Amino acid sequence: MSTKTITLPNNDVVEIHQPSGYVVQSDGVYERYATAENKISDLIFIDAFVNHTSDQSIWVRIGYINILNNKFSYHYAPRSMLISDHTNSLAKELVDNGGSFVAGKQKDLLEFLYSQRPHKIILAVEKIGWFSLPSKNKVFVLPEKVIGVPDAEVIYQPETSLPIQNSITASCALDDWVNNIGLKCVDNPMPLFLLGASFSAPLHSIFGLDGGGFHLFGSSSRGKTILVQIGTSIWGNASDPANDCDGSIIQRWNITMNATEAIAQSFNDLPLPMDELGTNSSQDFSQGVYNITGGKGKTAMTSSRELKKNKTWKTLLLSNGEVSVASKIVEASGKQAFSGQLIRVIDLEIDENTFPVTSGDDVGIFADKLKEACGEFYGIAGEVFLEKLVAVVNDCDQLTKLKAEFDTVFKSLVRVGMPPERARAMKRFAIVKVALELVARWDILNLSSEQISKAVNGAQENWLANFSIIGENDRGVEHVRSFLRTQHKRFKVINPHKNDLLKCLHGDNTPTKMVGYLDNDKKRYLILPEMFEEVCGRSNIKPVLRELDELGVLFKNNTVANGNHRLKSKHGIKGAGSVTAYAISFEFLGSDQESEEITLSIEGALS
């Protein structure tokens, strides 16, 4: 096995594997001897094997010289396409992309390529965002670059390439973005909050938060689209989609819910900007929002009747429209939104005072300049932020401190007596505050603690003023919460913390009118299905269960044939065998401190 050193037209030097029976030169590939009659093609060769990390399939990266511009280019293909048969289209693809071979020699070319064994192995990922290397270190994959120090070459190779990702790129230096966009937001609370929300997108996976988002609603001409443009400018071309629908990465809501899956995956670990909610006419809007924020596409089958791998993602929705998400759900489905939906996508009402500080400019002129800047200066702030963040994520001590910082900020935003649903939503605001503090700490934008607090607290007050728990489903959820807090004696305790005490108090007897089990070890209530109607106080239990699932407090471990989870879960219980139940986390009852008080009250009740 020999290699040839070849200098390419761009003066790069490459080592090319030369299999036995072939001659590789800068002007082409030959069979046995470098003579005209033995020439197979211009320079075309396998540069590297490509390991697709999603399914471990092997592709190849083919290097070739483009006959039109004499530039060196790459073409990617499954390795199976190197097998020579009458159905093979690889030779045609190479020709269409500028490669050249001798007429009638395509079979010889494929046999040459198949016999090559390059030393280089590349890792291919099918979606942007966080990626764990074999060394366990993490990098962040963007369409045009990989942020971090990979121990192997990593490339982005999606299953389906979407043109919008070409606009997830940097167009300027950091100072350009800061001077034209960033500094115009620091004294304007809502624009600054949108910057923080956008910066927070890659933090969600780090802190273990589900996908979600913020929706800006209000009357026309209040700056809702500009606010989304401001947040989007951190990552890519944030032109007004009404004027630059091909170049802007801001999407319109007038798309099918099926199309949102491909788009959402294309913005994995980044914000997904969506404009004009009112243009969406889908009756499945509620389910569509759930899918976007839930991060998993519909299950589908291949032509051979096998289940396709589900598309998955985690994204932060940045949306706007004249109506709120809550109102849109009612309009589309005729049903009120679940509280769980309303804490996934936070509705923020935008008034006429979007830009209170304009540095002497007329508000309209100020807004127009900012709108134009978002289509000219973009992308660089996100890359700088990621470079700093990747270093923290790969340092255990720094990462631990960052997570502790998030917990501290979250607890500071939760007020005494705040209902669990509202308290849970405070994580959405806490992660924005942490993101802005990192932006200031890393000198991306000069921000004071007062400016950050004013932006986050203002958005928090905005949401709290508009959010309310309403509807029959919410009353069912509250009935469940009240039942769990007051009817401890109707649960049989398993895995108690104080074994001897609880065994002595409770014994092995089944409680009177038992409704389920209380697992103190895993901190879950296991409610028997036939008793759930009593626990939730109504006969129509499915909407209540869906609400609990939306709130993220329903434990699920039981799947159906298509891979989706049942709402019921299975549990092995000593003396009872396998038990099917609805498992509700202690977290549903409130804070960790309150959960501990509940545990103690159980012991007190049993005594």
Side-chain angles (χ1 to χ4, degrees), residues 181 184-185 187-198 213-233 237-256 260 263 271-283 285-286 288-289 292 316-333 337 341-342 345-359 361-376 378 455 458-459 461-468:
I181 298 175
K184 297 182 186 300
C185 299
D187 290 317
N188 290 305
M190 188 56 73
L192 182 57
F193 182 82
L194 264 293
L195 285 182
S198 188
F214 296 94
H215 174 73
L216 315 176
F217 74 98
S219 300
S220 179
S221 302
R222 290 189 173 182
K224 301 183 297 297
T225 296
I226 298 177
L227 288 171
V228 171
Q229 287 181 259
I230 288 169
T232 305
S233 71
N237 186 341
S239 301
D240 187 337
N243 301 325
D244 186 14
C245 59
D246 293 328
S248 179
I249 62 174
I250 301 174
Q251 301 299 293
R252 302 279 285 189
W253 269 110
N254 60 342
I255 56 175
T256 66
T260 59
I263 293 174
L272 170 57
M274 301 289 286
D275 187 44
E276 293 293 350
L277 177 60
T279 62
N280 186 282
S281 58
S282 172
Q283 293 183 342
F285 174 75
S286 176
V289 170
I292 291 174
L316 179 81
L317 191 65
L318 294 183
S319 170
N320 73 69
E322 293 191 10
V323 299
S324 66
V325 166
S327 298
K328 187 64 177 178
I329 289 174
V330 173
E331 175 191 324
S333 65
Q341 292 171 321
L342 301 182
V345 181
I346 303 293
D347 278 326
L348 297 175
E349 187 171 13
I350 304 303
D351 59 25
E352 65 281 354
N353 197 27
T354 303
F355 301 107
V357 178
T358 61
S359 302
D361 280 343
D362 173 79
V363 173
I365 294 175
F366 180 87
D368 287 342
K369 287 181 179 178
L370 197 49
K371 179 185 283 285
E372 184 176 348
C374 288
E376 185 176 353
Y378 54 78
E461 291 295 337
N462 182 314
W463 180 72
L464 289 174
N466 288 285
F467 178 79
S468 62

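Remember, predicted model here, so these are calculated numbers, not experimental data.
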- Those residues at least two apart in sequence (or on a different chain) that pass salt bridge (charged side-chain N to carboxylate O under 4.0 Å, His left out) with Glu352 are Arg222

- State which residues pass salt bridge (charged side-chain N to carboxylate O under 4.0 Å, His left out) with Glu322; sequence neighbours excluded, sorted by chain then number. none

- Message: ring pair (Phe, Tyr, Trp, His ring centres under 6.0 Å) for Phe285 and Trp253? Distances and angles first, verdict last.
- Response: CA-CA 10 Å; Phe285 174 75; Trp253 269 110; 5.6 Å; yes

Could you tell me which non-hydrogen atom of [X] sits nearest to which non-hydrogen atom of [Y], and how far apart they are?
X: Ala197; Y: Leu318; result: CB-CD2, 4.1 Å
X: Gly213; Y: Leu316; result: CA-CD1, 3.7 Å
X: Leu342; Y: Ile346; result: O-CD1, 3.8 Å
X: Leu195; Y: Cys185; result: CD1-CB, 3.7 Å
X: Pro273; Y: Val228; result: CB-CG1, 3.8 Å
X: Thr354; Y: Pro191; result: O-CD, 3.6 Å

- Message: For Glu372, is the CD atom crowded, meaning more than 12 foreign heavy atoms sit under 6.0 Å from it?
- Response: no

- Step through the shown structure and confirm whether more than 12 heavy atoms of other residues, nucleotides or ligands are within 6.0 Å of NZ on Lys371. yes

At what distance, to the nearest 0.5 angstrom, does [atom1] of [X] lie from [atom2] of [Y]?
X: Ile226; Y: Leu194; atom1: CD1; atom2: CG; answer: 11.5 Å
X: Asp351; Y: Met190; atom1: CG; atom2: CE; answer: 8.0 Å
X: Asp240; Y: Ile250; atom1: CG; atom2: CD1; answer: 7.0 Å
X: Lys369; Y: Ile181; atom1: NZ; atom2: CD1; answer: 14.0 Å
X: Asp246; Y: Asn243; atom1: CG; atom2: CG; answer: 12.0 Å
X: Ile263; Y: Ile249; atom1: CD1; atom2: CD1; answer: 12.0 Å

Close side-chain approach of [X] to [Y], heavy-atom, < 4.5 Å:
X: Pro356; Y: Pro189; answer: yes
X: Ser319; Y: Val345; answer: no
X: Leu370; Y: Phe355; answer: yes
X: Thr232; Y: Ser198; answer: no
X: Asn320; Y: Leu227; answer: no
X: Glu276; Y: Asn254; answer: no

With distance as the sole test, does [X] use its side chain to make a donor-acceptor pair with the main-chain N or O of [Y] at under 3.5 Å?
X: Asp347; Y: Ala326; value: yes
X: His215; Y: Val323; value: yes
X: Lys224; Y: Ser219; value: yes

- Query: Does Glu331 come within less than 4.0 Å of Lys328, counting only side-chain N to carboxylate O?
  - Reply: yes

